[in-house]
Amino acid sequence: MAQSNKVSFSMHGVGVSGGIAIGNAHLVTNALVEVVHYQIPKKALVAEIIRFEKALERVRQDLQAVREQLPANAPAELDAFINTHLMILSDKHLSEEPKAIIEQELCNAEWALKQQMQELVAQFELIEDEYLRERKQDVVQVVERIIKVLLGHPSEAVRPDESAQILVAYDVSPADAIQFKHHHFAAFITDVGGATSHTAILARSLSIPSIVALHRARDLIRDGELIIVDGNHGIVIVNPDKDTLAEYRLRQEEWELEQQKLKRLKLTKAVTLDGVEVELHANIEVPADVAKAKAVGASGIGLYRTEFLFMNRREMPDEEEQFAAYRTVAETMKGMAVTIRTLDLGADKQMNPDAARSCTNPALGLRAIRLCLSEPQIFHTQLRAILRASHYGKIKILIPMLSSLFELRQTVTHLERAKESLRAENIPFDEEIKLGGMIEIPAAAINAEAFARELDFLSIGTNDLIQYSLAIDRTDDSVSHLYKPAHPAVLKLIEMTIKAGNKLGKPVSVCGEMAGDLHFTRLLLSMGLRQFSMHPSHVLTIKRQVLQTELEAIIPLTRKIMNAYDIDKIEPLLEKLNQ
């Protein structure tokens, strides 16, 4: 229970995994804060470099040991994440360049490593793509493990305690998460991270309430304090009073009961009260995510982000490696649709990390399909791998960030070349494979009918569509409050795209965050949307909303929303629509 002499306060962050947890804070130290700078005598230079190399080897052994001891019920992503950290550890930017800094500056290994890390993080900060930008935290997590070894405290001892504990950390690495999992932490809260950070992905896979981007939780919360973590709303309450505690205990019970009820819907078809069938697909990042999609009864994979295969490595994944990954997903889905998006990287994230290319505004630069068309060999390799995998399941190809029909026609030419090369080698593939385009640029939405005429399907990427329509970088704290999915212009672009697809009999899906947001389910349905694709954790919640919706009854209110020109009028109408 909270003690009356303790100050009660709340903090707000980004809720990345739903649910409510109540427990005592367990603080994990941030080794980076402890790093100091000191000079070493020239005669100690070799010994300092050896100390650094031994720390690298110790961390490598620790990560390999964790991987080998993965429990049978561990989320499949953990193995992939640990492999990523092992690759980062072997990268010369972390394994070799700090040694050069030690030699040049005659400084301690911890300081040299921290300087190198800060340079790498600064490069990641320039990346426009949110998922890739979050990978900087993987670099930080690896560096922190090395520094902990250098400082002489490689692992955190978790105190035995029968009560629920909430992990409070600057960040949580995948390897740490595995070790912490054995101690049954009730929740994670961290100072850094975003919705696409590995911490967030891990939290969702472990079904643990989690909040990231709290900024100062590690500084303000004391070890052992009672805290409430509301992952649904991104709120942390420290030292709650008796009434608040009682209220959240009740909410916790209701949430857990609700989750049990939702599981019963897994095998239920998503059909509205007036008999309209809806497809609920899942978004995945690695082949292991398919298990989560199937666990909630998703009727297909609406978006397979292939970037994960290309990250944190110096060489491109070859055709065989890509083919194996795509084939695994196709076969595991057993005939259900799998939509594979081609490489969606930015101008600032080069195929060769050593080849830096400056770009004033990465969001408007050489990224996604533009980058693929400028790197034809890389694009050809990926298209061949996808086509080969199509022989083993119902695969569709999705092209990101199309802005013109010229780009689309260039893409079709590349696809035909890939098909011809396979035919020449007598390698089987689906000759009727469907090709779709992402509508995430306002120009594409306005010209959606033209795209629908030449494509087999459309997929609306609401995250970028909102960002480009409103000229808002939602990762910029100074303007992120202006990022409004319910903005009338955004809603009109979405409706325009859905109507264009429906007019020409071409399927349209929404695969951005709006697809998994309950506030917009009924509005999107009444716009004519019949296919949603979202994080697997949202599928059952959205399914329940579909099952409770009568389309005929909400048409009048939908018309009012679409005729409104003021977001302040739209938001109350949306609330009414969802009652």
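Throughout, numbering of the chain's residues begins at 1 and tracks the sequence. What you are looking at is a predicted structure, and each value in this text was computed from that prediction instead of being measured.
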By salt bridge (Lys or Arg N to Asp or Glu O under 4.0 Å) - contacts of [X] (at least two apart):
X    : value
R417 : none
R384 : E319, E425
K499 : E495

Under 3.5 Å, is there a donor-acceptor pair between the [X] and [Y] side chains?
X    : Y    : value
T306 : Q382 : yes
N502 : R530 : no
S533 : S509 : no
H85  : D138 : yes

Has [X] got a side-chain atom pairing as donor or acceptor with [Y]'s backbone, closer than 3.5 angstrom?
X    : Y    : answer
K294 : T332 : yes
Q531 : V508 : no
K506 : A452 : yes

Measure across [X] and [Y] and return the closest heavy-atom pair with its distance rounded to 0.1 Å.
X    : Y    : result
L387 : A418 : CD1-CB, 3.8 Å
F52  : I146 : CE1-CG2, 4.5 Å
I147 : L113 : CG1-CD2, 3.9 Å
N283 : G302 : OD1-C, 4.4 Å
V192 : V212 : O-CB, 3.4 Å
P317 : Q322 : O-NE2, 3.2 Å

Practice prompt. Please list, chain by chain and in numerical order, all residues satisfying ring pair (Phe, Tyr, Trp, His ring centres under 6.0 Å) with Y304, sequence neighbours excluded.
Written response: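 Partners of Y304 by the ring pair (Phe, Tyr, Trp, His ring centres under 6.0 Å) criterion, ordered by chain and then number, come out as Y326.
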Worksheet entry | Residues in ring pair (Phe, Tyr, Trp, His ring centres under 6.0 Å) contact with F379, at least two apart in sequence or another chain | H414
Worksheet item: What residues, two or more places apart in sequence or in another chain, satisfy side-chain hydrogen bond (donor to acceptor under 3.5 Å, both in side chains) together with Q377?
Response: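 With sequence neighbours excluded, Q377 shows a side-chain hydrogen bond (donor to acceptor under 3.5 Å, both in side chains) to no residue whatsoever.
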Worksheet item: Can you name the residues that form a side-chain hydrogen bond (donor to acceptor under 3.5 Å, both in side chains) with E320, not counting sequence neighbours?
Response: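 If we apply the side-chain hydrogen bond (donor to acceptor under 3.5 Å, both in side chains) test to E320, skipping adjacent residues, the hits are R388.
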Discussion item. Other residues, nucleotides and ligands only: do more than 12 of their heavy atoms fall within 6.0 Å of CD on E432?
Written reply: no
Holding to side-chain contact (heavy atoms from CB on, under 4.5 Å), I want the full list of residues that pass it with [X], two or more places apart in sequence or in another chain.
X    : result
T521 : L518, L525, F532, I542, Q545, V546
P536 : A282, K292, V296
K492 : P488, M562, Y565
A100 : Q104

Are side-chain heavy atoms of [X] and [Y] found at a separation under 4.5 Å?
X    : Y    : result
L470 : L482 : no
C511 : M438 : yes
R60  : L86  : yes

Practice prompt. Hey, could you give me the CD1/CZ distance between I284 and R341, rounded to the nearest 0.5 Å?
Written response: 11.5 Å
Worksheet item: Less than 4.0 Å between a side-chain N and a carboxylate O, is that true for K114 and E119?
Response: no
Worksheet item: Would you call K419-D430 a salt bridge at under 4.0 Å N-O?
Response: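 No, no charged N to carboxylate O under 4.0 Å.
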Fill in: Pairs flagged by ring-ring contact (aromatic ring centres under 6.0 Å, His included) wherever residues 439-467 is involved - sequence neighbours left out
none
